[in-house]
K.L.:
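Here it is, the structure, as structure tokens.
Basis for what follows: all heavy atoms, side chains included, without hydrogens, waters or symmetry-related copies. Proteins get letters first, then strands, A, B, ... in listed order; numbering begins at 1 in each.
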Number of protein chains: 2
Amino acid sequence: MAERADWAGLRERRMGEPGAREAYQAARLAFELGRAVRELRQRRAWSQAELARAAGMTQSAVARFEAGGTIPTLPVLERLAEALDADLDVRVVPRPAA
Amino acid sequence: MAERADWAGLRERRMGEPGAREAYQAARLAFELGRAVRELRQRRAWSQAELARAAGMTQSAVARFEAGGTIPTLPVLERLAEALDADLDVRVVPRPAA
DNA sequence: CGCGAATATAGCGTCAACGCTATGATCTGG
DNA sequence: CCAGATCATAGCGTTGACGCTATATTCGCG
């Protein structure tokens with residue numbers, strides 16, 4: 001096999017329908033959060049299993065999350081952040097009026 | 001009745017058990033996000049119903065969320081932010097090593 | 001080459017967020 | 001005092017994140 005995952009499902013959603021853009025943004029967010037957590041974990045030279053233990057979940061959950069396999073929930077993000085000695089901050093930032 | 005909601009369930013969770021702190025933090029986050037969204041909405045002089053329409057949901061959903069009744073998911077936050085011309089930003093911020 | 005550790009997938013039960021409709025509770029203006 | 005509008009709750013079906021175990025795949029390392 002060439003790649004490990006292809007996320008075809010994501011790409012297949014047409015961008016025209018209402019809700020599609022938001023769903024896409026959320027998926028992108030999930031992806032970036034996964035990358036961020038992975039970086040923090042590797043910076044500590046932790047295995048997924050170790051992080052999982054510290055965050056109160058299993059290795060497979062960590063893997064799924066880091067890969068962006070699902071859009072994580074706030075409690076999960078909080079636990080991961082806590083395990084990594086980090087703070088989770090979520091904000092709704094008003095855009096400058098166009 | 002004195003108050004409209006009491007959230008007794010939340011307060012009743014003991015703080016000692018593993019996972020309790022994170023759950024609490026998530027709940028607090030939900031609360032603050034609810035307040036933030038409510039402020040943005042009121043700043044625009046919108047009713048819950050109007051925001052709901054703009055965000056692709058019903059008035060009851062908006063009410064539930066603004067009250068902190070549930071811990072919102074990222075897609076929902078994204079839609080609300082979008083409707084309010086705001087950006088949702090979520091970050092895992094490493095704490096300065098103690 | 002194996003061998004073991006680390007990571008990625010798969011399948012599945014559970015539970016809470018979500019979305020809906022309907023209805024109560026408040027508050028206002030006429 | 002009533003009518004209309006706004007917001008809060010309730011009940012409920014659906015769906016997807018979560019957590020688990022098990023297994024495949026990858027990657028060094030001796």
K.L.:
Name each donor-acceptor pair under 3.5 Å that joins a side chain in residues 53-60 of chain B to protein atoms two or more places apart or in another chain, with its distance.
P.N.:
unit_1   : atom_1 : unit_2   : atom_2 : d
Thr58(B) : OG1    : Ser60(B) : OG     : 3.3
Gln59(B) : NE2    : Gln48(B) : OE1    : 2.9

K.L.:
With a 4.0 Å cutoff (strictly under), does any side-chain N or O of Arg53(A) reach OP1 or OP2 of dG19(D)?
P.N.:
no
K.L.:
In whole Å, I'd like the distance from the CZ atom of Arg44(A) to the C1' atom of dA6(C).
P.N.:
19 Å
K.L.:
Using a heavy-atom cut-off of 4.0 Å across all strands, would you classify Glu66(B) as base, sugar-phosphate, or nothing?
P.N.:
nothing
K.L.:
With a cut-off of 6.0 Å (strictly less than), are more than 12 heavy atoms of other residues, nucleotides or ligands near CZ of Arg44(A)?
P.N.:
yes
K.L.:
Among dC20(D), dG19(C), dA17(D), which nucleotide has an atom closest to any side-chain atom of Met57(A)?
P.N.:
dC20(D)
K.L.:
Below the 4.0 Å mark, does dT7(C) have OP1 or OP2 next to a side-chain nitrogen or oxygen of Arg41(A)?
P.N.:
yes
K.L.:
If you fit an axis to the five pairs at each end of the helix from dC1(C)-dG30(D) to dG30(C)-dC1(D), how big is the angle between those two axes, to 10 degrees?
P.N.:
40°
K.L.:
On the side chain of Ser60(A), is there an atom forming a donor-acceptor pair with the base of dT7(C) - under 3.5 Å, no angle test?
P.N.:
no
K.L.:
Quick one, Asp85(B) and Pro94(A) - any side-chain contact, counting heavy atoms below 4.5 Å?
P.N.:
no
K.L.:
Roughly how many Å is it from CZ in Arg38(B) to C1' in dC7(D), rounded to a whole number?
P.N.:
8 Å
K.L.:
To the nearest Å, give me how far apart CG (Leu74(B)) and C1' (dC18(D)) are.
P.N.:
14 Å
K.L.:
Any side-chain heavy-atom pair from Gln42(A) and Trp46(A) closer than 4.5 angstrom?
P.N.:
no
K.L.:
Applying side-chain contact (heavy atoms from CB on, under 4.5 Å), run through Thr70(B) and Phe65(B) and close with a yes or a no.
P.N.:
CA-CA 6 Å; Thr70(B) 65; Phe65(B) 166 63; 5.7 Å; no
K.L.:
Taking Arg91(A) for the side chain and Asp89(B) for the main chain, is one N or O donor matched with an acceptor at less than 3.5 Å?
P.N.:
no
K.L.:
Distance check needed: dC18(D) P versus Glu78(A) CD, whole Å only.
P.N.:
13 Å
K.L.:
Tell me the interatomic distance from Ile71(A), atom CD1, to dC18(C), atom C1', rounded to whole angstroms.
P.N.:
13 Å
K.L.:
Across the strands shown, which category fits Val76(B) at heavy-atom distances under 4.0 angstrom: base, sugar-phosphate, nothing?
P.N.:
sugar-phosphate
K.L.:
On DNA chain C, nearest-nucleotide positions of Phe65(B) versus Gln59(B): which is more 5'?
P.N.:
Phe65(B)
K.L.:
Could you please spell out the steps behind the salt bridge (charged side-chain N to carboxylate O under 4.0 Å, His left out) verdict for Arg41(A) and Glu50(A)?
P.N.:
CA-CA 9 Å; Arg41(A) 174 176 66 81; Glu50(A) 287 170 304; over 6 Å; no
K.L.:
Does OP1 or OP2 of dA5(C) have a side-chain N or O of Ser47(A) closer than 4.0 Å?
P.N.:
no
K.L.:
What is the separation between atom CG on Leu51(A) and atom P on dA6(C), rounded to the nearest whole Å?
P.N.:
13 Å
K.L.:
Rounded to the nearest Å, what distance is computed from the CZ atom of residue Arg64(A) to the C1' atom of nucleotide dA8(C)?
P.N.:
12 Å
K.L.:
Would you indicate, yes or no, if dC20(D) has its OP1 or OP2 atom less than 4.0 angstrom from a side-chain nitrogen or oxygen of Thr58(A)?
P.N.:
yes
K.L.:
Whether the side chain of Gln48(A) and the base of dA8(C) hold a donor-acceptor pair under 3.5 Å is what I'd like checked.
P.N.:
no
